[in-house]
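Order of the sequence lines fixes the chain letters, A, B, ..., with proteins taken first and strands second; residue numbering starts at 1 for each chain. Keep in mind it's a predicted model, so treat the numbers as computed, not measured.
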Amino acid sequence: MFLDISDDQDALLTTVSAVLARARSRLVLGGGKASFDLELDGDLEKGGVLDAASYPEFGVSTAALVVHEVCRSASIAEVAASAVIRPLICPEAPRPLAVLTGDPTQAIRFLPVARAVLVLSEAGASWFPVTADDVEMVEAYFAYPVGRLRDPDRCLSRALTVTDPGLARRLAQLAVAAEITGVLQGGLDSVTAHVTDRRQFGRPLGTFQSVQHRLAACASKIAAAKWLAFKAGGAGATHTDVVTALASAQTIVDAIVYDLHQFLGAMGLTLEHPLYRWTYRAKLLKSEFGGASRSHRELAELTWP
Amino acid sequence: MNFEWTTREQAFRDEIRSFLARELPPDWETIARHGPGSKQQTEFSRIFCAKLAEAGLLVPHWPKEQGGRGSSVWEHFILGEEMWAVGEPRGPQYMNVNWIGPTILRFGTDEQKARYIPEIAAGNAVWCQGFSEPSAGSDLASLRTRADRDGDDFIISGSKVWTSYAGLAQHCFLLARTSGNRKEGICIFLISMQTPGINVRPIPALVGNGDLHEVFFQDVRVPASHMLGEEGKAWSLITYALANERIGLPRYQLSTRVLGEVVGQLKANGSWSDDVIKFRAGQALAACEAARMLVYRVVDQRSRGLPPNAESSLARVAIVEADHAVANFALDFLPEAFSSHVLPLLKPHHERAIAAGIASGAAEIQLGIVASDYLNLPRS
Ligand SMILES: Cc1cc2nc3c(=O)[nH]c(=O)nc-3n(C[C@H](O)[C@H](O)[C@H](O)COP(=O)(O)OP(=O)(O)OC[C@H]3O[C@@H](n4cnc5c(N)ncnc54)[C@H](O)[C@@H]3O)c2cc1C
């Protein structure tokens, strides 16, 4: 075992940090709820960090690590599907990549910026390219750009089959798990900084024990879910590992999102503070693949068939 | 990152499993039912640990000269996992091998080592830990038990409480104060529980028979040579000892085992088709895996020689949650099993779970450490 960032991974993260720092310097808040940083998305692609999963020295754990780190940022790019799923399942598909897991008429995150859609269904897995003409924008309630396919049947008719649908689904579950741990960590980073600076009753908010303990509990939950996600990408990881990671990540969202908003006070309810960029991603991610309840049942069924 | 066991580690785990398959008697689980501090389990530990010692599996992580085989940190940890997976048949002796022995080896005089180490390495010693006092629990540094110099001896007076195993222990790893206050002036004494002036009162408790005690010290005369380390400088030794203690307890392993057994019963009685039950089982299992992952992080850091840090507190919080998730799952869906013997490890697991957030540093203390040392939140 070696449960730490390797030197190679560290070098990769340095590239990621530099790209994220540039994104931070141009971050503008106060607009609509959904956002997408096209430049960040392009920089990540150009830097090659999205292909780590297919390199022997890296693999899927490293892809999960990249997802976690990018999602900590308040700037939003399409990283989870592109880093975790695409290199192993559909490297020929253009990106950004949207993922459709249920009813083809449903709203799909990242669809307005996507150039391909990966479809995961009971019947199998496939992908099809999309252009702006295929997509109808949906008013964003979450922090992601969301759209709907105008004519799902026509899109599906040009879909190309994927050879290992089981692997595609597992990777998609893992991608969501890593995305959740990243956005929650990003929110926690932000709230930790806030309670360190903000003073009430003559002292920083972070000196109140009720604040400390709840944030510490958040930290423990996020750290565990994060390492479970990395483990689920490791060599020899099983479907059970993946579902464990997903279930763990989804189940912690509600309590953490509550605490993060709580400690930011009214400021966290504005679009001028980035908190919603993390919490309003988590709120959507927690329902992917049927949500925590479904994921836990899947885990139980895999473990005790 | 690498999440794989090496062939050597896997072989070591297999060695322990085949030892357990061979040497753990069929009535072990019935013995375990009485709880970790019980007379039954303490007596059993003397037989079982002697066998472990013979097989080179009691203190494999100790140096070769002291009866060990120089096993790695991970191997030491694998040993703990396998013991917890069967309900910790080492009973009280887990303390000896995990932290009392190593602390004596590191800081003891030759005479102290010669006196205590062979006995521990042979699997024949029962120790108790005399730390907590009526007014010093979480705030251990406020302990008041006195040790006053009298020629070549010290005279010890005061009382300890919650002392596990005290009723059957031969020795006590005792904290007492020669001077000062708070962390200054505390000393460790290695004393025989047979010394005149020591009185033990068992405390009836929810955590199994014979676990908790009150220990009174009335003018107990102890030779100065029984002091471990320098006078008044015990705090750093305690920190060392407790850092060793912290990785010693893979509780989630017992929780995972009990969870599997409860699911087995639910399948047999036809309840397993209930989606809510499956959901809660999955949730409890994921909590165990979360705890395991954070503990592995700590063990990995230790194996690479990194100093202990707040991540062990991060892990402790997760361990407490996992224990409770499994205990509550069993209570919710298989309450009748608590009134029968179908799952012998169920009650000992429950008893350990209710203590998990209190013993060896309350969960809130761990959260405080995470807040200050992991999140770097401001101190009040
Ligand atoms: C089963 C069991 C076995 C034990 N065995 C031994 C043993 O062998 N030897 C030994 O020396 N001791 C032993 N102990 C004692 C154990 O170390 C203490 O129980 C523990 O340190 C807590 O002390 P306390 O019980 O006095 O609780 P207190 O210190 O009185 O605390 C009570 C509660 O208050 C809260 N609290 C306390 N301080 C803070 C704080 N700073 N911030 C926030 N909340 C706080 C926590 O919720 C805590 O649980 C054992 C305990 C148990 C339960």
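- With hydrogens and angles disregarded, a donor-acceptor distance shorter than 3.5 Å links the side chain of A:Q212 to the backbone of B:P378.
- Residue-environment remark: CG (A:D10) exceeds the threshold of 12 foreign heavy atoms within 6.0 Å.
- Summarising the geometry, atom OH belonging to B:Y374 is positioned 12.5 Å from atom CG belonging to A:L215; distances are rounded to the nearest 0.5 Å.
- Using a 4.5 Å heavy-atom threshold, the side chains of B:M1 and A:I5 count as touching.
- Using a 4.5 Å cut-off on side-chain heavy atoms (C-beta onward), B:R379 and A:T207 make no contact.
- Taking A:Q9, A:R294, A:R203 one by one and counting their heavy-atom pairs under 4.5 Å with chain B, the maximum is reached by A:Q9.
- By the 4.5 Å heavy-atom criterion applied to side chains, B:F3 and A:D241 are not counted as neighbours.
- Residues of residues 265-273 of chain B lying under 4.5 angstrom from chain A, judged on non-hydrogen atoms, are B:K267, B:W272 in numerical order.
- Contacts between residues 221-239 of chain A and chain B, counted as heavy-atom pairs separated by less than 4.5 Å, involve A:K221, A:A223, A:A224, A:W227, A:L228, A:F230, A:K231, A:G234, A:A235, A:G236.
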Apply side chain to side chain contact (heavy atoms under 4.5 Å, CB included) to residues B:K278 and A:L299 and explain how you reach the verdict. CA-CA 8 Å; B:K278 280 188 190 168; A:L299 173 58; over 6 Å; no
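- Here the straight-line distance linking atom OG of A:S248 with atom CD of B:Q283 works out to 9.5 Å at 0.5 Å rounding.
- Contact annotation for A:L205: neither backbone nor side-chain heavy atoms come within less than 4.5 Å of a heavy atom of chain B.
- Neither the backbone nor the side chain of B:Q301 comes within contact range of chain A; no heavy atoms are under 4.5 Å apart.
- For A:Q209, no part lies near chain B; criterion is any non-hydrogen pair under 4.5 Å.
- Contacts of A:L302 with chain B are absent, with no heavy-atom separation under 4.5 Å from either backbone or side chain.
- Note that CZ of B:F279 is 8.5 Å distant from CZ of A:R297, once rounded to the nearest 0.5 Å.
- Applying the 6.0 Å contact sphere to NZ of A:K286 captures no more than 12 heavy atoms from other residues, nucleotides or ligands.
- Atom CG in B:D275 sits 7.0 Å away from atom OG in A:S293 (nearest 0.5 Å).
- Counting heavy atoms of neighbouring residues, nucleotides and ligands inside a 6.0 Å radius, atom OH of A:Y258 does not exceed 12 of them.
- Proximity to chain A (any heavy atom under 4.5 Å) is restricted, for B:L294, to the side chain, taken from C-beta onward.
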Start with the C-alpha gap between A:T244 and B:L285, add the side-chain angles, then the distance that decides, and say whether side chain to side chain contact (heavy atoms under 4.5 Å, CB included) holds. CA-CA 8 Å; A:T244 305; B:L285 179 62; 5.7 Å; no
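- Inter-residue side-chain proximity for A:L3 and B:M293 is flagged as met; some heavy-atom pair is nearer than 4.5 Å.
- Both the backbone and the side chain of A:T196 come within contact range of chain B, judged by heavy atoms closer than 4.5 Å.
- Only the side chain of B:D300 comes within contact range of chain A, with heavy atoms under 4.5 Å apart.
- The OG1 atom of A:T303 sits 8.5 Å away from the CD atom of B:E289 when rounded to the nearest 0.5 Å.
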I'd like to know whether A:T192 forms a side chain to side chain contact (heavy atoms under 4.5 Å, CB included) with B:N376, so could you lay out the CA-CA distance, the side-chain angles of the two residues, the decisive distance to 0.1 Å, and finally the verdict. CA-CA 8 Å; A:T192 304; B:N376 299 313; over 6 Å; no
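- Only the side chain of B:R304 comes within contact range of chain A, with at least one heavy atom under 4.5 Å from a heavy atom of that chain.
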Starting from the C-alpha separation in whole Å, work towards a yes-or-no answer on side chain to side chain contact (heavy atoms under 4.5 Å, CB included) for B:V370 and A:S220. CA-CA 8 Å; B:V370 173; A:S220 174; 5.9 Å; no
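- A:H213 contributes atom NE2, which lies 10.0 Å from atom CD of B:Q366 (distance to the nearest 0.5 angstrom).
- Contacts between B:R297 and chain A at a heavy-atom distance below 4.5 Å involve backbone atoms as well as side-chain atoms.
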